[in-house]
Student: 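The structure that follows is given in the form of structure tokens.
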Amino acid sequence: MEAVKLEIRCPQMVNGIGLEPDPDWSFKSLLLELDSLEKKLNLSSSVSLPFAKTKSREIYGEKGTKRSSNAFVMRVSDEEFEDSEGENEKVRDRGLVKAARFNCNEFYFSSSDDDSDDQPCLDVQTLMNEVGLVESALYELTHEHQLGVKEEIRNTISALETDLMNESEKSSSAHTKVEKYREARREVERKFDVQYQRRVAEGLDNHLTAVQRDHELKSQIEERKIRSDAAHEEAKRREKALQEERLRQEKAKAEAEAKLKAEEANRAALEAERIAAKEAAEKEAAKSSKANTSEVPQTEASGGPNATSSRVENDKTNKSELAGNMLRAAESALKLERERLQKLKELEEINQSLRSSSNQNFDSTGRLIGRLIRQISGNKDKVSTQASELVKIFNNPHCPQTISIAYFAQKVVSNCESPSHSAFACAHVIVLVTSQFPQAMDLVLAEIHRACIYTVPKHISYTKSAFESKEAYWKVIGYKEDDGKIESTTDYLVRLESYMKLYGALVQTEVAGCQNVHGLKEGWAWLARFLNALPANMYTAVALYAFLQMAGFALFRKYRSQFMKMLNFISENFLNALRSQDDPDLRPITSKIQCYLEDKLFLQEPEGRTLHSSLLSNNMAPESDYHGPYHQQSRHFY
């Protein structure tokens, strides 16, 4: 029986792996293919497999001899079929496969002999048995391999998990150590920063302390220098003030002497006029006596002694009119003025002797009094405080009282020229002080009379026979001279107004618990003397209006109808006298007085008369009302 050649056709590729690269595939080739398959599996795995085979599989025979891996061709013959079955059982028992072809989807047989149809079933059955042995062997090998691979994978995974846990523990431990190290470093750095900041702060404090010490030293040096300069300047200022005071006293003395000379000249002129009038009267009397001697019988028959007495009375009237042409004032007012000026003169002589006999300088007392008076405002508390301070100065044993009172009289009058002067407040201070020192009132009035003749009241008319020039006349009535230049009429009228406002405020001031020794009674007397004796002109009109502004309200409240008669007299006589002069410079002041009378402004309390108790009260000093045309430099004399 001819041998039958069995060919098994298998698919060329399974899952990308060639299964039949060679038609004559030997068992050795099969093992090599399995090794390559394992290598590919190892390469395709992400984890290296420690169980990868490094040696190719080797097949040993029954006696332990190494079998050849050459390709074989399985031939089946009738003689060997029976023997083959026994050998197949042995091979099956050993787990070995002799077949070289397996796992095929289709089989076909080729025979070189046409007589193969005789035993088809036997060959096919034999071939199937052989193929089953090979497949079972291959399956077992594959199963063993899979189990080995799984076991190795499990072992590897377990080892990897163990290593991973160890590495994780090591990593966490290292991380913990790093964090501890980092915290330690942070703590060290923080300590270093705190220490550094402390050192910086200490250094800064030391620097600032040194700088402050330097500044304090410099400031002390500067302060000492400033004090030294201030002391030097104060010494200079005192020396200068002393010199100025001496010059002022000398000037005042010269002015007083000039005024005395002028008064003496006035008296001489009056005396000359009286003598001339007397001589003229005597001549007239002689003529009339000669004429009357021839008519004695007729005269005696007609009038007798009555006619003679009437002639004597006419002669006296003519003499008084001639004497009063230049000086216009009431005799009682002139008498009071002389008495007050005499008291002031005696006080100045006493003070001069005190200064000469004492080495002490009393100018500081004068400056202190002047400062207190300048600080007077329309506030009740301020006025009370300033008056108390002035009384303390008068009672100061280090300075004679006569000197303090003289300074007070000078400063309170000179302060009238200040723009911030409050007449009512200043009058309150005068009343409060003079209520405790009554002798000071006459001295204050004497200073006011010396500064303004219309507070007497009196008026001096200009005559060429009595005065050498108009400048001499201006000096007599109160004009100031500065560097040989006489002040303007505008400035003089402003000062005249301020002095009259102070006088008007003084006579109407009433303070509870204090007596005003120069009150409303004296104000009424001044107004009566003014209207009876003084002529109507620019100076007297300004003086009258300023007085009415300040004292008219209080005079009306006390005298009522009598004061209204005074106002009617002013309207009918004084204003008509001003209008009759037809002077354009007189029109503003005339209209002011007329408005005061027609609008009955004396019914309204003047501004600033009532002192305020609040510290925030405004200065109540009324503003000057005289800025009209008559303030221009107009010098008319009446």
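Hydrogens, waters and symmetry mates are skipped; everything else that's a heavy atom, side chains included, is used.
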Student: For E339, what residues pass the side chain to side chain donor-acceptor pair (under 3.5 Å) criterion, not counting sequence neighbours?
Tutor: none
Student: Could you pull out all residues at least two apart from F553 that satisfy ring-ring contact (aromatic ring centres under 6.0 Å, His included)?
Tutor: none
Student: Quick one: do E417 and K480 satisfy salt bridge (charged side-chain N to carboxylate O under 4.0 Å, His left out)? Show the steps, please.
Tutor: CA-CA 13 Å; E417 302 177 12; K480 282 186 176 182; 3.0 Å; yes
Student: With sequence neighbours left out, what residues match N576 under side chain to side chain donor-acceptor pair (under 3.5 Å)?
Tutor: R579
Student: Using a distance-only test with no angle check, is there a side-chain donor-acceptor pair under 3.5 angstrom linking S384 and D381?
Tutor: no
Student: How many angstroms lie between CZ in F424 and OG1 in T610, if you round to the nearest 0.5 Å?
Tutor: 9.0 Å
Student: For L502 and A427, work out which heavy atoms get closest and say how close.
Tutor: CD1-N, 4.5 Å
Student: Going through the distances and angles, do W474 and F467 end up as a side chain to side chain contact (heavy atoms under 4.5 Å, CB included)?
Tutor: CA-CA 10 Å; W474 293 336; F467 300 98; over 6 Å; no
Student: Under the side-chain contact (heavy atoms from CB on, under 4.5 Å) rule, collect the residues that match up with D363, sequence neighbours excluded.
Tutor: L242, E245, N361, R367, Y407
Student: Determine whether a donor-acceptor pair (N or O, by modelled atom type, separation under 3.5 Å) exists between the side chain of N396 and the backbone of C399.
Tutor: no
Student: Do the side chains of M566 and L531 get nearer than 4.5 Å, heavy atoms only?
Tutor: yes
Student: Could you report the tightest heavy-atom contact between A406 and L347, atom names first, then the distance?
Tutor: CB-CD2, 3.9 Å
Student: Considering only distance and modelled atom types, tabulate donor-acceptor pairs under 3.5 Å from the side chains of residues 596-604, sequence neighbours left out.
Tutor:
residue, atom, partner, partner atom, Å
Y596, OH, L548, O, 2.9
E598, OE2, Q594, NE2, 2.7

Student: Hey, what do you get for CG (N537) to CD (Q581), rounding to the nearest 0.5 Å?
Tutor: 7.0 Å
Student: I would like to know whether N415 and V412 meet side chain to side chain contact (heavy atoms under 4.5 Å, CB included); could you show each step before the answer?
Tutor: CA-CA 5 Å; N415 189 51; V412 79; 5.9 Å; no
Student: Using a 3.5 Å distance criterion without hydrogens, assess whether the side chain of D482 forms a donor-acceptor pair with backbone atoms of K485.
Tutor: no
Student: Go through H612 and K380 one step at a time and tell me if the side chain to side chain contact (heavy atoms under 4.5 Å, CB included) criterion holds.
Tutor: CA-CA 6 Å; H612 295 269; K380 187 181 297 183; over 6 Å; no
Student: Could you list all the side-chain hydrogen bond (donor to acceptor under 3.5 Å, both in side chains) pairs where at least one residue sits in residues 504-528, not counting sequence neighbours?
Tutor: Y503-H518, Q508-R609
Student: Applying side-chain contact (heavy atoms from CB on, under 4.5 Å), name anything that partners E349, two or more places apart in sequence or on another chain.
Tutor: K345
Student: What is the distance from atom CG of L520 to atom NZ of K558, rounded to the nearest 0.5 Å?
Tutor: 5.5 Å
Student: Give the C-alpha distance, both sets of side-chain angles, the deciding distance and a yes or no for side chain to side chain contact (heavy atoms under 4.5 Å, CB included) between I405 and Q401.
Tutor: CA-CA 6 Å; I405 292 175; Q401 192 177 95; 3.9 Å; yes
Student: Please list all pairs meeting ring pair (Phe, Tyr, Trp, His ring centres under 6.0 Å) that have one or both residues in residues 378-401, counting only residues at least two apart or in different chains.
Tutor: F394-F408, F394-F437
Student: Measure the shortest side-chain to side-chain distance between T540 and Y545 over non-hydrogen atoms and say whether it is less than 4.5 angstrom.
Tutor: no
Student: Between L586 and M538, is any pair of side-chain heavy atoms under 4.5 Å apart?
Tutor: yes
Student: Decide yes or no for L432 and V429: does some side-chain heavy atom of the first lie under 4.5 Å from some side-chain heavy atom of the second?
Tutor: no
Student: Answer yes or no: is there a side-chain heavy-atom contact under 4.5 Å between F362 and P400?
Tutor: yes
Student: Please tabulate, for the side chains in residues 441-452, all donor-acceptor contacts under 3.5 angstrom to protein atoms that are two or more places apart in sequence or on a different chain.
Tutor:
residue, atom, partner, partner atom, Å
D442, OD2, K343, NZ, 2.6
H449, ND1, L445, O, 3.4
H449, ND1, T455, OG1, 2.9
H449, NE2, R340, NH1, 2.9
R450, NH1, E348, OE2, 3.2

Student: With sequence neighbours excluded, what pairs up with S357 under the side-chain contact (heavy atoms from CB on, under 4.5 Å) test?
Tutor: none
Student: In Å and rounded to the nearest 0.5 Å, what is the CG to CG distance from N379 to L611?
Tutor: 8.0 Å
Student: Are R371 and E389 ion-paired here, with the side-chain N under 4.0 Å from a carboxylate O?
Tutor: no
Student: If I compare all heavy atoms of M500 with all of A546, which pair ends up nearest, and what's the gap?
Tutor: CB-CB, 3.8 Å
Student: Restricting to side-chain contact (heavy atoms from CB on, under 4.5 Å), what partner residues turn up for S591, sequence neighbours left out?
Tutor: none
Student: Is the backbone N or O of L354 less than 3.5 Å from a side-chain atom of S358, with the two atoms forming a donor-acceptor pair by type?
Tutor: no
Student: If you take all heavy atoms of V383 and S377, which pair is closest and at what distance?
Tutor: CG2-O, 3.4 Å
Student: Please tell me if the side chains of Y479 and T489 come closer than 4.5 Å, counting only heavy atoms from C-beta onward.
Tutor: yes
Student: State the CD1-CZ distance between I453 and R328, to the nearest 0.5 angstrom.
Tutor: 12.5 Å
Student: List the atom of A333, the atom of R529, and the distance in Å for their closest heavy-atom pair.
Tutor: CB-CD, 3.9 Å
Student: Do S571 and N568 get their side chains close enough for a donor-acceptor pair, meaning under 3.5 Å?
Tutor: no
Student: Please check if the side chain of N573 supplies one atom and the backbone of F569 the other of a donor-acceptor pair under 3.5 Å.
Tutor: yes
Student: Just so I know, are the side chains of R374 and S418 near enough to count as touching, which here means a heavy-atom distance under 4.5 Å?
Tutor: no
Student: Does the ring of Y499 carry R495 above it, NZ/CZ under 6.0 angstrom from centre and within 45° of its axis?
Tutor: no
Student: Decide yes or no for M564 and Y559: does some side-chain heavy atom of the first lie under 4.5 Å from some side-chain heavy atom of the second?
Tutor: no
Student: Going by the rule side chain to side chain donor-acceptor pair (under 3.5 Å), which residues pair with S498 if we only count those two or more places apart in sequence or in a different chain?
Tutor: none
Student: Please report the interatomic distance NZ(K458) to CD(E337), rounded to the nearest 0.5 Å.
Tutor: 3.5 Å
Student: Yes or no on ring pair (Phe, Tyr, Trp, His ring centres under 6.0 Å) for Y539 and Y492, after CA distance, side-chain angles and deciding distance?
Tutor: CA-CA 9 Å; Y539 307 117; Y492 174 71; 5.7 Å; yes
